[in-house]
Structure formats: C-alpha cells, structure tokens
Amino acid sequence: MDQNLTDLNCINAFFPIDVNEWYYIDTEYHDRKNVQIKSWTNDSGDMLRLKLDLSSAVVLCVVYFNGDAVASWTEK
C-alpha cells in the first residue's frame, strides 16, 4: 500500500477525512529535532499536516488542519 495512503488512513482514524480528496505535497525533515512533517492539500485549498516526533521510543503524531492542531496520538 502507498505510504501516503497509509498515513491518510491513520489520520482518518483520529480526524475524519475523505482520504481520496487529499494530494500529497511533500515531507520536511528536521534532523536536529528528529521531526518529520508530511503535508497534503485538497481542491478547496485546505492544508493537512502530519507531524511525527521521532525523538523518543514512543512516536508522537500530531495532525494539523489549516494550522490548527486537531488530533494527536502516540505509536510505539
């Protein structure tokens, strides 16, 4: 399965979205902070971001919709 679709399905479990309406933009890496930020947009111009904090054994995932944090969870 496509990693972007996997990420969108994961987001959908915590913040309901139509995974088929989002288009992947890019992934930013911040090595010093050990953070990864993936970005998507849709036809309406909305922005969806998934921030992964990889600095510890438990990964903190935060979803931002148009700049506002709307969901978060942790993964081992």
Side-chain angles (χ1 to χ4, degrees):
M1 180 182 278
D2 180 328
Q3 183 59 47
N4 289 316
L5 184 56
T6 300
D7 291 336
L8 288 172
N9 281 325
C10 194
I11 291 169
N12 188 45
F14 296 92
F15 180 68
I17 59 171
D18 180 350
V19 297
N20 295 314
E21 78 173 30
W22 293 94
Y23 307 101
Y24 175 74
I25 298 173
D26 69 358
T27 301
E28 301 172 36
Y29 299 95
H30 300 273
D31 291 335
R32 285 187 324 175
K33 295 181 181 179
N34 209 9
V35 169
Q36 191 179 88
I37 302 172
K38 297 182 178 186
S39 301
W40 295 266
T41 190
N42 62 14
D43 290 336
S44 299
D46 296 316
M47 180 69 74
L48 185 67
R49 290 181 174 228
L50 174 61
K51 178 182 177 183
L52 305 171
D53 184 341
L54 308 169
S55 61
S56 68
V58 177
V59 177
L60 173 61
C61 307
V62 182
V63 177
Y64 296 89
F65 180 75
N66 290 335
D68 297 322
V70 293
S72 65
W73 67 93
T74 58
E75 294 181 359
K76 292 184 180 188

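Basis for what follows: all heavy atoms, side chains included, without hydrogens, waters or symmetry-related copies.
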Q: Backbone N or O of L54 within a donor-acceptor pair of the N34 side chain at under 3.5 Å?
A: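 Yes, N34 side chain to L54 backbone: donor-acceptor pair under 3.5 Å.
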Q: Between the main-chain N or O of L5 and the side-chain N or O of N9, is there a donor-acceptor pair closer than 3.5 Å?
A: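 Yes; at least one donor-acceptor contact below 3.5 Å.
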Q: Once the angle between the rings of F65 and F15 is folded into 0 to 90°, is it parallel (under 30°), tilted (30 to 60°) or perpendicular (over 60°)?
A: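 If you compare the ring of F65 with that of F15, the planes turn out tilted.
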Q: State the CG-CD1 distance between D46 and I17, to the nearest 0.5 angstrom.
A: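 Nearest 0.5 Å value for the CG-CD1 distance: 11.0 Å.
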Q: Give every residue pair that meets the salt bridge (charged side-chain N to carboxylate O under 4.0 Å, His left out) criterion with at least one member in residues 17-36, sequence neighbours excluded.
A: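 Sorted pair list: E28-R49.
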Q: Any heavy-atom pair between the side chains of W73 and V63 that's under 4.5 Å?
A: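 Heavy-atom side-chain distance check passes, below 4.5 Å.
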Q: To the nearest 0.5 angstrom, please state how far the OG1 atom of T41 sits from the CG atom of N66.
A: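 So the OG1 of T41 and the CG of N66 are separated by 8.5 Å.
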Q: How about W40 and D7: do any of their side-chain heavy atoms sit closer than 4.5 Å?
A: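 In short, these two side chains touch, coming nearer than 4.5 Å.
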Q: How many angstroms lie between atom OG1 of T27 and atom CG of N4, to the nearest 0.5 angstrom?
A: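 So the gap between those two atoms works out to 6.5 Å.
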Q: By the rule that ILVMFWY residues connect when side-chain heavy atoms come within less than 4.5 angstrom, directly or transitively, which residues belong alongside M47?
A: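 M47 clusters with I25.
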Q: Could you work out the complete set of other residues in the hydrophobic cluster of Y64, with links drawn between I, L, V, M, F, W and Y side chains under 4.5 Å apart?
A: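 Other cluster members: L60, V62.
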Q: Decide whether I37 and Y23 are clustered together by the hydrophobic rule: side chain heavy atoms of Ile, Leu, Val, Met, Phe, Trp, Tyr closer than 4.5 Å, transitively.
A: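 No, I37 and Y23 fall in different hydrophobic clusters.
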Q: Just how far is it from atom OG1 of T74 to atom CG of D53, taken to the nearest 0.5 Å?
A: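 If we round to the nearest 0.5 Å, T74:OG1 and D53:CG are 11.5 Å apart.
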Q: State whether the side chain of N42 and the backbone N or O of W22 hold a donor-acceptor pair below 3.5 Å, judged by distance alone.
A: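 No, the answer is negative, given that no donor and acceptor are paired below the 3.5 Å cut-off.
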Q: Got a second to check how far K38's NZ is from K51's NZ, nearest 0.5 Å?
A: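 The NZ atom of K51 is 15.0 Å from NZ of K38, to the nearest 0.5 Å.
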Q: Can you see which heavy atom on L48 is nearest to which on L8, and at what distance?
A: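 Where L48 meets L8 most closely, the heavy atoms are CD2-CD2, 3.9 Å.
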